[in-house]
Amino acid sequence: MTCDPGLIGHVQAGLGRHGASLQLRQDCASAIELFSRRHLDGVVIDCDVPGAAKALPALRNSAANKQTVILAVVNGFTSAEEALNSGANFAISKPIQPSRLAGILDIAVPKMEREHRRYFRYEVSLPVRFQTPAGQSLTGTMKNLSESGLAITLVSPLRVEGVVTVEFELPSVLPQTFRAKADVIWSDSFAMGLRFLYIDKEEGVALQAWLNSLEARTHFREWAHPEHRESLAPPMR
């Protein structure tokens with residue numbers, strides 16, 4: 001969030017080398033609207049933008065961005081201490097020194113990548129079993145999965161609320177049953193979204209290993225795409 005062309009250039013250069021894509025908002029109202037409707041892995045907030053003092057806590061308190069990495073850029077209106085107290089993880093002063101920004105990004109970007117992995121949904125189709133708070137055992141099919149939860153399509157129409165026990169078989173050479181407590185965060189007649197509340201340590205490790213393999217396959221498919229290969233090919237002579 002900034003309307004400072006110089007800052008935009010520095011951030012684009014700094015994050016561009018990490019392969020990050022950026023969305024620009026030049027005013028507080030449109031930035032807060034974006035925070036409220038979608039998850040962001042990282043945010044740079046220019047505290048010189050009018051209303052930035054509201055944008056910082058609004059971002060930090062939004063349901064989807066409580067753990068989002070925030071870099072505050074301060075100058076005349078907000079101090080670094082005030083920005084950090086309002087929820088920023090990092091603060092840097094204008095005028096921007098590229099070496100200082102690069103040092104902060106070297107620390108911040110791995111945290112952003114971790115946040116991306118926590119929310120990124122892999123499309124997966126697997127049988128799922130779950131038990132409702134009333135003790136009813138039901139089945140469905142997994143639509144997608146992330147570190148934080150999953151979405152399920154239901155065989156029969158049902159409205160589910162509260163905490164459920166969910167389990168499914170993790171694909172591997174030695175199949176392992178994954179079980180977790182999960183909260184139903186949305187539900188309609190034929191689908192529902194779950195957020196994990198409790199996972200045993202051993203099963204958490206197994207889930208992470210499977211997510212790592214899903215991520216590797218995703219990267220391989222992207223690399224193997226013809227357009228990607230063409231972009232890597234040497235120019236014709």
Side-chain angles (χ1 to χ4, degrees), residues 1-28 30-49 52 55-75 78 80 83-84 86-123 144-149 208 211-225 227-232:
M1 183 184 80
T2 186
C3 50
D4 181 340
L7 177 58
I8 294 172
H10 285 302
V11 173
Q12 285 180 327
L15 285 175
R17 62 191 178 93
H18 293 282
S21 60
L22 304 177
Q23 292 195 31
L24 176 64
R25 294 295 184 273
Q26 295 184 312
D27 63 276
C28 182
S30 63
I32 291 177
E33 189 275 333
L34 178 64
F35 304 157
S36 67
R37 65 180 169 81
R38 62 169 297 180
H39 171 74
L40 301 167
D41 302 320
V43 176
V44 178
I45 292 183
D46 182 353
C47 292
D48 283 349
V49 174
L56 264 171
L59 169 61
R60 182 55 75 216
N61 294 326
S62 64
N65 293 290
K66 292 185 180 298
Q67 304 300 320
T68 292
V69 179
I70 304 173
L71 168 59
V73 181
V74 300
N75 191 16
T78 306
L84 295 171
S86 295
N89 301 92
F90 305 93
I92 187 171
S93 300
K94 293 181 180 179
I96 298 297
Q97 298 179 10
S99 60
R100 170 65 175 156
L101 178 63
I104 291 176
L105 292 180
D106 285 343
I107 301 171
V109 167
K111 296 179 182 292
M112 294 179 189
E113 291 173 343
R114 172 65 177 172
E115 189 67 5
H116 177 75
R117 292 184 61 185
R118 194 166 72 89
Y119 269 82
F120 185 80
R121 296 274 173 156
Y122 298 96
E123 293 186 5
N144 56 54
L145 175 73
S146 72
E147 283 188 9
S148 59
Q208 187 60 63
L211 289 171
N212 289 343
S213 70
L214 292 174
E215 183 178 21
R217 292 178 201 170
T218 300
H219 288 320
F220 178 78
R221 284 196 295 267
E222 291 174 351
W223 179 88
H225 193 280
E227 290 182 1
H228 182 85
R229 291 201 303 271
E230 289 173 6
S231 69
L232 296 179

Shortest non-hydrogen separation from Val49 to Thr2 and the atoms involved: CG2-CA, 3.8 Å
Please give me the minimum heavy-atom distance between Ala52 and Ile45, naming the atom from each residue. CB-CG2, 4.3 Å
Just by modelled atom types, is the Leu59 backbone N or O under 3.5 Å from a matching donor or acceptor in the Asn65 side chain? no
Quick check: do Arg60 and Asn89 have side-chain heavy atoms less than 4.5 Å from each other? yes
From OG (Ser21) to CD (Gln12), nearest 0.5 Å: 11.5 Å
Within a strict 4.5 Å, meaning less than it, do heavy atoms of the Phe35 and Val43 side chains meet? yes
About how many Å separate CG of Asp4 and CG of Asp46, when rounded to the nearest 0.5 Å? 6.0 Å
Closest approach of Ala108 to Val69 (non-hydrogen atoms, all atoms of both residues): CB-CG1, 4.2 Å
Between CG of Leu22 and CG of Leu15, what distance do you get to the nearest 0.5 Å? 5.5 Å
Less than 4.5 Å apart, side chain to side chain, heavy atoms only: is that true for Pro98 and His10? yes
Mind checking the CD1-NZ spacing from Ile70 to Lys111? Nearest 0.5 Å is all I need. 13.0 Å
For atom CZ of Arg17, is the number of surrounding heavy atoms from other residues, nucleotides or ligands below 6.0 Å larger than 12? yes
Just how far is it from atom CD of Gln23 to atom CG of Leu40, taken to the nearest 0.5 Å? 7.0 Å
To check you understand the geometry: which heavy-atom pair defines the closest contact between Leu71 and Ala91, and what is its length? CD1-N, 4.1 Å
For atom CD of Glu33, decide whether the heavy atoms of other residues, nucleotides or ligands shown that lie under 6.0 angstrom number more than 12. yes
Provide the closest heavy-atom pair for Gln208 versus Glu147 in the form atom of the first, atom of the second, distance. OE1-OE2, 2.7 Å
Side chain to side chain contact (heavy atoms under 4.5 Å, CB included) for His18 and Asp106? Distances and angles first, verdict last. CA-CA 9 Å; His18 293 282; Asp106 285 343; 4.0 Å; yes
If I compare all heavy atoms of Ala83 with all of Val74, which pair ends up nearest, and what's the gap? CB-CG1, 4.0 Å
About how many Å separate CE of Met1 and CD of Gln26, when rounded to the nearest 0.5 Å? 11.0 Å
